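Notes for the one structure printed next.
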Protein chains: 2
Amino acid sequence: MSNEPATEPRWLSDEEQYAWQCYLHATTLLEDHLDRQLQRDAGMPHVYYGLLVQLSRAPRRRMRMTELAQNAKITRSRLSHAIARLEKNGWVRRENCPSDKRGQNAHLTDEGMRVLEKAAPGHVAAVRAAIFDRLSTEQIGQLAEICQVMTEGLQPQGADLPWLR
Amino acid sequence: MSNEPATEPRWLSDEEQYAWQCYLHATTLLEDHLDRQLQRDAGMPHVYYGLLVQLSRAPRRRMRMTELAQNAKITRSRLSHAIARLEKNGWVRRENCPSDKRGQNAHLTDEGMRVLEKAAPGHVAAVRAAIFDRLSTEQIGQLAEICQVMTEGLQPQGADLPWLR
DNA sequence: GGAGAGTTATTTAAGTTTTAACAACGCCGG
DNA sequence: CCGGCGTTGTTAAAACTTAAATAACTCTCC
């Protein structure tokens, strides 16, 4: 077993390097932008908002911690902290899972639902303004396609597909 | 001056919503992946690595703090902390700016350069494996184009273009 | 049934990021 | 020259994330 690179590393071509710069700039700017927008208008960062969205779409607004973490692409640890905070806000409550004594369900409260409904229009508007009102229909399809390919390569091996929709 | 939305919010279409999910998943997975890869192989997160890259490309491996922050798309505060950490590692050193007594130059040390050179091949390989070896030439162009459009809408108004390359 | 292995969720500590406030300096106009 | 205003970079405190360790529970297999 050896660690040295099998060959001279294949560097990025000019086009690739350029695309990579563009990608990094765009994604960090967007994430920052959405974080600020939501922090200002809803009092929480983007990831936390995403958790509420997930819960709002789940049956009975409840979801097991692990499932929620997987859907949101975050670690269980991070989720624990996040839910603790959201619980303090009164937007989520924890419940013991009846079928598995280890388990917890995160439950979006009515108040959490209200907060979400109040924040959603502004958030959608921000997302629109940053992306979908700027791209052609064609480009939106291309973006989805590209991101799918990326995800395939990054998804932990054997992650249970189908993973979206 | 009123705050209510002028009209019913325009929600995302199915295609847009799908693309948005794909985007969020792909970008968070990639960022996590690169963070882990670099943490493991180079002892620093992706953003910090990006700072070293910027410095390595600058004349005399030096750059003013504000300029570095702008290029890396992070706040000056965040940069201060980051440079403090990198300085502790011996990879960067601060120097007073001769022309402006308020200013500081971040200087990539020889040791920092070695760390960077050692980490670069693995990092490029990871980026390749996640993106560029999976996308067609056409898609790479599309990605760059899309990210450019996004960036245009997010760049702080009047940011001094031309901003890349 | 029970040992061993895997799963679920949390906790602790360390590291990172954000926000707001601040000190120090440069620049411009009177 | 000097007062006001903008800039540069840092800092303190709070918030957030990560990594590793842990307690409690389930599952598998004999």
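If you're wondering where the values come from, they're calculated on a predicted model, not measured in any experiment.
- Across residues 47-68 of chain B, B/Arg64, B/Met65, B/Thr66 each have a non-hydrogen atom less than 4.0 Å from an atom of DNA chain D (numbered order).
- With sequence neighbours left out, the salt bridge (charged side-chain N to carboxylate O under 4.0 Å, His left out) criterion links B/Asp133 to A/Arg10, B/Arg128.
- Shown for residues 77-92 of chain A: residues whose heavy atoms fall under 4.0 angstrom of DNA chain D, namely A/Ser77, A/Arg78, A/His81, A/Arg85.
- Of the residues in residues 93-107 of chain B, those placing a heavy atom less than 4.0 Å from an atom of DNA chain C are B/Asp100, B/Lys101, B/Arg102, in numerical order.
- Side chain of A/Glu31 to main chain of A/Thr28: no donor-acceptor pair is present (N/O by atom type, distance under 3.5 Å, no hydrogens or angles).
- Of the inter-residue distances, the one linking B/Leu154 atom CG with B/Lys73 atom NZ reads 10.5 Å to the nearest 0.5 angstrom.
- Atom CZ of A/Arg36 is separated from atom C1' of C/dT18 by 8 Å (rounded to the nearest Å).
- Applying the ring-ring contact (aromatic ring centres under 6.0 Å, His included) test to every pair with at least one member in residues 56-96 of chain B, sequence neighbours left out, gives no pairs at all.
- Remark: B/Leu143 CG to A/Tyr18 OH distance equals 11.0 Å, nearest 0.5 Å.
- With the nearest nucleotide of DNA chain C identified for both B/Pro45 and A/Gln39, B/Pro45 has the one nearer the 5' end.
- Salt bridge B/Arg61/B/Asp110: present, at least one basic N to carboxylate O contact under 4.0 Å.
- Judged as a ring-ring contact (aromatic ring centres under 6.0 Å, His included), the pairs with a partner in residues 108-152 of chain A (not counting sequence neighbours) are, in order, A/His46-A/His123, A/Tyr49-A/His123.
- No donor-acceptor pair under 3.5 Å is formed between the side chain of B/Gln17 and the backbone N or O of B/Asp14.
- Residues satisfying the ring pair (Phe, Tyr, Trp, His ring centres under 6.0 Å) test with B/His107, not counting sequence neighbours, are none.
- Annotation: the terminal axes of the helix from C/dG1-D/dC30 to C/dG30-D/dC1 meet at 20°, where each axis is the rotation carrying the C1' atoms of four end pairs onto the next four (5 pairs per end, rounded to 10°).
- Across the protein-nucleic acid pair, A/Glu31 atom CD and C/dT17 atom P stand 13 Å apart, rounded to whole Å.
- Taking the side chain as every heavy atom from C-beta outward, A/Ile131 and B/Trp20 approach each other to under 4.5 Å.
- A search for salt bridge (charged side-chain N to carboxylate O under 4.0 Å, His left out) contacts involving A/Arg94 returns A/Glu87, not counting sequence neighbours.
- B/Arg76 places its CZ atom 17 Å from the P atom of C/dA24, with the value rounded to the nearest Å.
- Formation of a donor-acceptor pair under 3.5 Å by the B/Gln148 side chain with backbone atoms of B/Glu145 is not found in this model.
- In this structure, A/Arg60 CZ and A/Leu108 CG are separated by 13.0 Å, a value rounded to the nearest 0.5 Å.
- Along DNA chain D, read 5' to 3', the first and last nucleotides having any atom under 4.0 Å from a heavy atom of chain B are D/dG6 to D/dA19.
- C/dT18 atom C1' lies 16 Å from atom CZ of A/Arg40, rounded to whole Å.
- Checked against salt bridge (charged side-chain N to carboxylate O under 4.0 Å, His left out), A/Glu117 has no partners two or more places apart in sequence or in another chain.
- When the salt bridge (charged side-chain N to carboxylate O under 4.0 Å, His left out) test is applied to B/Arg62, the partners found at least two apart in sequence or on another chain are B/Glu95.
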